[in-house]
Amino acid sequence: GAVVSQHPSWVICKSGTSVKIECRSLDFQATTMFWYRQFPKQSLMLMATSNEGSKATYEQGVEKDKFLINHASLTLSTLTVTSAHPEDSSFYICSAIELRELHEQYFGPGTRLTVT
Amino acid sequence: GNSVTQMEGPVTLSEEAFLTINCTYTATGYPSLFWYVQYPGEGLQLLLKATKADDKGSNKGFEATYRKETTSFHLEKGSVQVSDSAVYFCALTRNSGNTPLVFGKGTRLSVIA
């Protein structure tokens, strides 16, 4: 089946620094990738929709200047958390839709971000 | 808007017990329905899905039937194992492609030997 990877799998950073998380579709092309955020023992909340070659669409309440998304190719989307604060600590998960299977999303393993 | 409601957990069962996790949805049109599973320390994995009314999704002994009349997609397994301990998420997406998933809050299942 289709594989989505994320890097890094976990990261610890200091307040005020920026962190970049990569999401790659390893064996398929994805015009659309989604970024979700999961708080401990809670569900996944959609942050933004990333479309290759265009600007990301952010959900209400998500600061686009804080969570920068770039989808420069059909296999890579990046999420950069800028000027991170402890409240940004969370589990970030991406998913990708394969071009030929529009109704199925493949999830990355997630990235745990801890801001100290 | 679209939403998914699933039973609150945690659910604790003995091995070989029968499992039901209820899931109901609200959606316009005819969504596709999914169950995802998240094992401890891992990402989400698709467990099963159904794309139209009366479809039954099944995998690893788990089943769920798309019931349009009751807007439900309850997850069942006849005999759970310790290895089934995980968090289960019910989700839906519109059948128009390239749309994100809407998740329920998740139900944590613990199976004890």
Side-chain angles (χ1 to χ4, degrees), chain A residues 1-10 21 23-24 29-52 54 56-60 62 69 71 74 77 91-112, chain B residues 1-11 21 23 25 27 29-52 55 57 59-60 66 85-110:
Chain A
V3 178
V4 175
S5 70
Q6 280 185 241
H7 178 79
S9 55
W10 60 271
I21 302 170
C23 176
R24 292 182 186 274
Q29 294 183 327
T31 56
T32 300
M33 292 183 174
F34 300 105
W35 286 96
Y36 297 86
R37 184 173 179 178
Q38 185 181 26
F39 291 100
K41 298 185 179 181
Q42 294 190 29
S43 188
L44 283 76
M45 300 300 295
L46 179 68
M47 297 177 65
T49 301
S50 171
N51 293 299
E52 187 266 336
S54 63
T57 303
Y58 291 82
E59 294 300 297
Q60 192 172 10
V62 178
I69 291 173
H71 194 157
L74 286 173
S77 176
F91 195 53
Y92 293 88
I93 302 173
C94 72
S95 70
I97 294 181
E98 207 220 349
L99 285 174
R100 295 169 297 179
E101 297 184 44
L102 291 180
H103 307 309
E104 183 144 357
Q105 293 186 29
Y106 298 96
F107 283 83
T111 297
R112 182 162 301 285
Chain B
N2 298 334
S3 66
V4 175
T5 302
Q6 62 181 105
M7 63 188 286
E8 300 266 341
V11 174
I21 300 178
C23 171
Y25 67 90
Y30 302 94
S32 290
L33 303 174
F34 305 83
W35 277 100
Y36 282 86
V37 58
Q38 186 176 33
Y39 297 102
E42 298 184 16
L44 268 74
Q45 300 175 28
L46 177 64
L47 181 60
L48 54 84
K49 67 178 180 181
T51 58
K52 60 182 187 298
D55 268 3
N59 185 26
K60 300 180 181 179
Y66 190 142
S85 298
V87 181
Y88 293 82
F89 293 94
C90 186
L92 68 80
T93 187
R94 293 198 329 263
N95 268 330
S96 57
N98 281 19
T99 55
L101 286 159
V102 175
F103 287 90
K105 292 187 175 181
T107 302
R108 183 175 298 276
L109 170 67
S110 295

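The sequence lines fix the lettering, A, B, ..., with proteins before strands; numbering per chain opens at 1.
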Any side-chain heavy-atom pair of A/Phe107 and B/Gln38 under 4.5 Å: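 Of all side-chain heavy-atom pairs linking B/Gln38 with A/Phe107, none is under 4.5 Å.
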B/Lys49 and B/Ser32, any side-chain heavy atoms less than 4.5 Å apart: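 Of all side-chain heavy-atom pairs linking B/Lys49 with B/Ser32, none is under 4.5 Å.
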Pick from B/Gly104, B/Gly9, B/Pro100, B/Ala91 with the largest number of heavy-atom pairs that fall under 4.5 Å of chain A: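 Top count of heavy-atom pairs under 4.5 Å with chain A: B/Pro100.
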Chain A interface, residue from B/Val87, B/Val102, B/Leu44, B/Leu101 that has the most non-hydrogen pairs under 4.5 Å: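 Ranked by heavy-atom pairs under 4.5 Å with chain A, first place is B/Leu101.
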Which atoms of B/Leu46 approach chain A - backbone, side chain, both or neither, heavy atom under 4.5 Å: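 For B/Leu46, the side chain is the part near chain A, not the backbone.
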Portion of B/Phe89 that has a non-hydrogen atom of chain A nearer than 4.5 angstrom: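 The side chain, not the backbone.
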Heavy-atom pairs under 4.5 Å with chain B, option from A/Thr49, A/Ile93, A/Asn51, A/Thr32 with the top count: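 Sorted descending by pairs with chain B, the first entry is A/Thr32.
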Among B/Val4, B/Thr93, B/Leu48, the one residue meeting side chain to side chain contact (heavy atoms under 4.5 Å, CB included) with B/Phe34: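 Only one option passes, and that is B/Thr93.
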CE on A/Met45 to NZ on B/Lys105, rounded to 0.5 Å: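 Nearest 0.5 Å value for the NZ-CE distance: 9.5 Å.
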Proximal component of A/Gln38, with respect to chain B [non-hydrogen, under 4.5 Å]: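 For A/Gln38, the side chain is the part near chain B, not the backbone.
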A/Gln29 side chain to A/Glu52 side chain, donor-acceptor N/O pair below 3.5 angstrom: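 Per modelled atom types, A/Gln29 and A/Glu52 side chains form no pair under 3.5 Å.
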